[in-house]
Amino acid sequence: MTVHLHWFLPTGGDGRTLVDRHAYTDGGIKRSRITPVSGVRAPDIEYLAQIAKAAEQLGFEAVLTPTGTWCEDAWLTTVALAQHTERLKFLVAFRPGVISPVLAAQMAATYQRITRGRLLLNVVTGGDSTEQRRFGDHLDHDRRYARTDEFLSVVRGVWGGRPYDFDGEHYQVRGGLTALPPDPLPEIFFGGSSAAAGPVAARHTDVYLTWGEPPAAVKEKIDWIRGLAAAEGRTVRFGIRLHTISRDSSAEAWATANRLLDDLDPDTVAAAQQALGKSESVGQQRMLALHGGSRDELEIAPNLWAGVGLVRGGAGTALVGSHAEVADRIEEYHALGVEHFVLSGYPHLEEAYWFGEGVIPDLAARGLLPAAPASPLLGVPAANGRPASAPGGAPLLVAGGR
């Protein structure tokens, strides 16, 4: 079992700080309670294309795009970016409650033909009722998962190439089909830490995703889902969602993490924690419990840092350390059964290069990846103190990116 590495497309905006631009206070509608920050990068197609091209060049298999009212639409953005890349896959996040399952199945089939098979699907049931209501969805937490269960049954049913009937509480379908099913069928990624989420993962998921928790907690989740899937006569693979701060030395990496914290004033952290604390998501509550809103003792396991979650919703932990240390942690999670690593870092362009040029060769040397492709700029001398492969000729981020 080799490691599959994926990166992240910041379709809600990017920047050099941890001050989240979307996922707390009022969901990004107003910013009156958020400390103004400099260096915010708009998620325009030109910038996102830079990240996508960098990810492809560095050897990432796919990029995850988020879903929500605070970001660009994942389907439209990624199909546009497919025209700027050749091999990169797109892990498209979407909410099953706001789209017909038959239409979603048809969209996936069309996407596969347009991109020649580069679609992966990330099903996001939704853990925030406030945001769900913005989409017109008024179901409570557990009923949303019950609907997702039905949704995925319909999607897989209509991919069969023959008219498909379904009669459930949330969907009634007569003769649903995709005339030309997707080839290959997109893998379905799914996450959820609640009791309502587990059976859905067991029945439908190809890859179960967890946010980055200490290895012992991740093992408990893996064992839980494996047991549920076995009862369904299925096997499920596993993935983890993490940020990374990887540098040439451990001291440099931790200095970068600490500088990111320096940008956070107490009011910003308090506003984020207040809003995130209202989330119905069990996974979100587990993220918050890792740090308790305090800056003290944020290294919750070796090289696992919970500082991101002070202000960011969703994935709130980062692997911090030297390239070898980060590779050690990936190898540790891999030994537990984690196959897919969905990674990110601020800013996403520069951090892709830090990880891609530092950690990926180490993982390949350990036999966890195919041999890393040689850079087309290998042997080209550095200019003005920067690596020849630095994005756009710009210097790589150093110690906080200031």
Side-chain angles (χ1 to χ4, degrees), residues 1-6 61-62 64 89 91 93-94 96 101 104-105 108 119-127 141-160 164 166-171 181-182 184-242 281-287 301 315 317 329-342 368:
M1 180 178 69
T2 58
V3 164
H4 297 264
L5 296 175
H6 314 290
E61 181 177 333
L64 169 66
K89 296 178 182 179
L91 180 49
F94 72 99
L119 176 66
L120 306 170
L121 293 175
N122 180 32
V123 177
V124 179
T125 299
H141 177 277
D142 286 2
R143 292 185 68 205
R144 288 198 295 267
Y145 278 102
R147 179 180 59 197
T148 296
D149 195 352
E150 292 187 10
F151 182 97
L152 292 175
S153 293
V154 174
V155 167
R156 291 198 183 276
V158 301
W159 278 345
Y164 176 79
F166 184 85
D167 189 13
E169 178 184 356
H170 302 281
Y171 299 105
L185 295 180
E187 289 184 295
I188 293 176
F189 289 63
F190 172 91
S193 298
S194 68
V200 181
R203 282 190 284 270
H204 302 287
T205 302
D206 295 305
V207 179
Y208 174 83
L209 275 178
T210 178
W211 288 326
E213 299 183 21
V218 170
K219 184 180 185 303
E220 288 180 3
K221 277 192 174 181
I222 289 174
D223 291 344
W224 171 49
I225 297 297
R226 273 185 177 153
L228 292 174
E232 297 284 343
R234 300 186 69 244
T235 58
V236 174
R237 288 171 288 126
F238 297 92
I240 194 167
R241 175 77 179 89
L242 290 158
S281 166
V282 174
Q284 182 63 73
Q285 298 309 314
R286 290 170 69 108
M287 285 285 101
T317 53
R329 301 288 77 78
I330 289 175
E331 188 169 20
E332 182 179 8
Y333 282 117
H334 179 258
L336 298 177
V338 177
E339 183 177 347
H340 291 264
F341 292 79
V342 184
L368 296 176

Revision key, fill the gap. In terms of heavy-atom contacts, Ala93 and Val124 come closest through CB-CG2, 4.0 Å
Point to revise | Shortest non-hydrogen separation from Phe151 to Ala104 and the atoms involved | key: CZ-CB, 3.7 Å
Practice item. Please report the C-alpha distance between Glu220 and Glu213 in whole Å, then the side-chain angles of each, then the deciding distance to 0.1 Å, and finally whether the side-chain contact (heavy atoms from CB on, under 4.5 Å) criterion is met. Key: CA-CA 10 Å; Glu220 288 180 3; Glu213 299 183 21; over 6 Å; no
Review point. Heavy atoms, side chains only, cut-off 4.5 Å: are Leu152 and Pro96 in contact?
Key: no
Exercise for review: Test side-chain contact (heavy atoms from CB on, under 4.5 Å) on Thr317 and Trp211 and set out the steps.
Suggested key: CA-CA 8 Å; Thr317 53; Trp211 288 326; 5.9 Å; no
**Study point:** Polar side-chain atom of Trp224 near backbone of Gly198 as donor-acceptor pair, under 3.5 Å
**Key:** no
**Study point:** Side-chain heavy atoms of Ile188 within contact of Val123, under 4.5 Å
**Key:** yes
Practice item. Work out which heavy atom in Arg234 is nearest to a heavy atom in Ala202; give both atom names and the distance. Key: NH1-O, 2.7 Å
Practice item. Applying salt bridge (charged side-chain N to carboxylate O under 4.0 Å, His left out), run through Asp206 and Arg156 and close with a yes or a no. Key: CA-CA 12 Å; Asp206 295 305; Arg156 291 198 183 276; 3.2 Å; yes
Practice item. Can you see which heavy atom on Ile225 is nearest to which on Ala201, and at what distance? Key: CD1-CB, 4.1 Å
Study note, to complete from the structure: Scanning both residues in full, the closest heavy-atom pair of Pro186 with Ala108 reads CG-CB, 4.2 Å
Review point. In chain order, what residues pass the side-chain hydrogen bond (donor to acceptor under 3.5 Å, both in side chains) check against His334, with sequence neighbours excluded?
Key: none
Exercise for review: Quick one: sort the His141 and Tyr145 rings into parallel, tilted or perpendicular, breaks at 30° and 60°.
Suggested key: tilted
Revision key, fill the gap. ring-ring contact (aromatic ring centres under 6.0 Å, His included) pairs touching residues 184-210, sequence neighbours excluded, are Phe189-His340
Check your understanding: How long is the gap from OG1 on Thr205 to CZ on Phe238, to the nearest 0.5 Å?
Key -> 9.5 Å
Practice item. Quick one: pull up CG in Leu5 and CD1 in Ile330 and give me the separation to the nearest 0.5 Å. Key: 6.0 Å
Exercise for review: Could you tell me whether the side chain of Ile240 reaches within less than 4.5 Å of the side chain of Val218, counting heavy atoms only?
Suggested key: yes
Practice item. Starting at OH of Tyr171, measure out to OG of Ser153 and round the result to the nearest 0.5 Å. Key: 11.0 Å
Exercise for review: Evaluate the side-chain proximity of Val342 to Leu209: yes if any heavy-atom separation is below 4.5 Å, no if none is.
Suggested key: yes
Check your understanding: Side chains of Glu339 and His4: is there a donor and an acceptor less than 3.5 Å apart?
Key -> yes
Practice item. For the pair Glu169 and Arg147, evaluate salt bridge (charged side-chain N to carboxylate O under 4.0 Å, His left out) and give the outcome as yes or no after the intermediate values. Key: CA-CA 8 Å; Glu169 178 184 356; Arg147 179 180 59 197; over 6 Å; no
Practice item. Please report the closest heavy-atom contact between Pro199 and Leu228, naming both atoms and the distance. Key: N-CD1, 4.0 Å
Practice item. Apply side-chain hydrogen bond (donor to acceptor under 3.5 Å, both in side chains) to Arg329 and list each qualifying residue two or more places apart in sequence or on a separate chain. Key: Asn303, Glu332
**Study point:** Within-4.5 Å side-chain heavy-atom neighbours: Lys89 and His6
**Key:** no
**Study point:** Straight-line distance of Thr2 OG1 to Leu368 CG, nearest 0.5 Å
**Key:** 8.5 Å
Point to revise | Beyond-backbone contact of Arg286 with Lys221, side-chain heavy atoms, under 4.5 angstrom | key: yes
Practice item. Drop me the distance from Leu120's CG to Leu91's CG, to the nearest 0.5 angstrom. Key: 5.5 Å
Practice item. Tell me yes or no: between the side chains of His170 and Glu150, is some donor less than 3.5 Å from an acceptor? Key: no
Check your understanding: Quick one: OG1 on Thr148 to CZ on Arg203, what's the gap to the nearest 0.5 Å?
Key -> 11.5 Å
